[in-house]
Amino acid sequence: MTEPMVEALDIYKSFGSVEVLRGINLTVMPGEVACVIGPSGSGKSTFLRCVNHLETIDAGRMRVEGDLIGYRESGGKLYELRESEVAHQRRDIGMVFQRFNLFPHMTAAENVMEAPRTVRRESKTKARERAVALLERVGLVEKCDSYPAQLSGGQQQRVAIARALAMEPKLMLFDEPTSALDPELVGEVLDVMRGLARDGMTMIVVTHEMGFAREVGDTLVFMDEGRIVEAGNPRDVLTNPREERTKAFLSKVL
């Protein structure tokens, strides 16, 4: 049996008195694309941030390739890892946010080079070669020496994807990567993500792009009020949802 890439077991998370995640269970196998949809405030982004321990969890277990993320377990209790240990785990998990968060004083290539140079101590030559190859992969090789302010939003987001790929992750997390873009720029980012899916990258994508979820997703997860209400084949969930809450949500967005 192949080991799951991601295994979330009974994940709970609160911010103060507000319970944001209420027992999330999700398994994503290697090479699969899981798309997560739901209304604002349903816990989608919080769950995604728990996968790489950008948010701590209050209960449950989060594993990537069988390894507990953010914690070690002893005697049935969880003990949070040191930040350096968590950072080591995150090297294998790429994340792309709504906002591109590029370093404004660095060119596109320098943004992509930064993590391999800093974390892996790669030579400038090797890091530059990889950056150029990754920018070519996302269709921006001609923008290697451009600064973020000289790029469109869609181009900046594609640089952000290249930057996340620079550490050669085994898992990519996307938190509504097109929501900050003008509509005409959404397609170029989704095209890059389609390419990653074709190449076999395991991905969890929080998205409002139902067409992308239907076309690329292996699993569609609908969340509401901190719970997974319904999950299954994207085409089945989108065309014939079982749950009334799913039906109500989709009637407003499709």
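Judged as a salt bridge (charged side-chain N to carboxylate O under 4.0 Å, His left out), and not counting sequence neighbours, the contacts of Asp199 are Arg137. Arg242 is linked by a salt bridge (charged side-chain N to carboxylate O under 4.0 Å, His left out) to Glu230, counting only residues two or more places apart in sequence or in another chain. The side chain to side chain donor-acceptor pair (under 3.5 Å) test applied to Glu215 returns Arg194, not counting sequence neighbours. Evaluation of the salt bridge (charged side-chain N to carboxylate O under 4.0 Å, His left out) rule for Glu114 yields no partner, not counting sequence neighbours. Contacts of Glu7 classified as salt bridge (charged side-chain N to carboxylate O under 4.0 Å, His left out), with partners at least two apart in sequence or in another chain: none.
For the pair Arg130 and Val112, the minimum side-chain heavy-atom distance is 4.5 Å or more. In this structure the side chain of Leu220 never reaches within 4.5 angstrom of the side chain of Met210, judged on heavy atoms. With contacts defined as side-chain heavy-atom distances shorter than 4.5 Å, the pair Met95/Met172 does not qualify. Considering only heavy atoms from C-beta on, Leu238 comes within 4.5 Å of Leu250 through its side chain. Val96 places none of its side-chain heavy atoms less than 4.5 Å from the side chain of Val189.
Closest heavy-atom contact between Ile57 and Gly60: CD1-O, 3.6 Å. The two residues Gln155 and Leu140 come nearest to each other via the heavy atoms O-CD1, 3.3 Å. Across Gly232 and Val237, no two heavy atoms sit closer than the pair N-CG2, 3.7 Å. Residue Met167 comes nearest to Arg120 through the heavy atom pair O-NH2, 2.8 Å, listed as atom of the first residue, atom of the second, then distance. For the pair Asn111 and Pro148, the tightest heavy-atom approach, listed with the atom from each and the gap, is ND2-CG, 4.1 Å. In terms of heavy atoms, Pro116 sits closest to Met113 at CD-O, 3.2 Å.
To the nearest 0.5 Å, atoms OG1 (Thr46) and CG (Leu54) are separated by 11.0 Å. Taken to the nearest 0.5 Å, the CD1 atom of Ile204 stands 9.5 Å off from the CG atom of Asn52. Summarising the geometry, atom CE belonging to Met201 is positioned 8.5 Å from atom CE belonging to Met5; distances are rounded to the nearest 0.5 Å. Taking CG of Leu21 as the start and CD1 of Ile228 as the end, the distance is 9.5 Å to the nearest 0.5 Å. If you take CZ on Arg214 and CD on Glu209, they are separated by 12.0 Å, rounding to the nearest 0.5 Å.
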Side chain to side chain contact (heavy atoms under 4.5 Å, CB included) assessment of Thr207 paired with Leu190 = CA-CA 11 Å; Thr207 185; Leu190 294 181; 5.5 Å; no
Does the side chain to side chain contact (heavy atoms under 4.5 Å, CB included) test come out yes or no for His88 and Leu81, once each step is laid out?
-> CA-CA 11 Å; His88 185 77; Leu81 298 177; over 6 Å; no
Test Thr56 against Lys13 for side chain to side chain contact (heavy atoms under 4.5 Å, CB included), laying out the working first.
-> CA-CA 8 Å; Thr56 58; Lys13 172 67 181 177; 3.3 Å; yes
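Heavy atoms from other residues, nucleotides or ligands lying under 6.0 Å from CZ of Arg61 number more than 12. More than 12 non-hydrogen atoms from other residues, nucleotides or ligands lie less than 6.0 angstrom from CD of Gln150.
Sorted by first and then second residue, the ring-ring contact (aromatic ring centres under 6.0 Å, His included) pairs with a member in residues 33-87 read His53-Tyr71; sequence neighbours excluded. Residue pairs meeting the ring-ring contact (aromatic ring centres under 6.0 Å, His included) criterion with at least one member in residues 202-253, sequence neighbours excluded, are Phe222-Phe249. Sorted by first and then second residue, the ring-ring contact (aromatic ring centres under 6.0 Å, His included) pairs with a member in residues 167-186 form an empty list; sequence neighbours excluded. For residues 139-157, the pairs satisfying salt bridge (Lys or Arg N to Asp or Glu O under 4.0 Å) are Arg128-Asp145, with sequence neighbours left out. Evaluation of the salt bridge (Lys or Arg N to Asp or Glu O under 4.0 Å) test over residues 14-29, restricted to residues two or more places apart or in two chains, returns Glu19-Arg22. Pairs of residues two or more places apart, or lying in two chains, that qualify as salt bridge (Lys or Arg N to Asp or Glu O under 4.0 Å) and include a residue from residues 87-96 are Glu83-Arg90, Asp92-Lys170.
Of the residues Val205, Val138, Val216, the one that meets the side chain to side chain contact (heavy atoms under 4.5 Å, CB included) test with Met193 is Val205.
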Side-chain donor-acceptor pairs of residues 26-39 under 3.5 Å, sequence neighbours excluded:
from: Glu32; atom 1: OE1; to: Met29; atom 2: N; distance (Å): 3.1

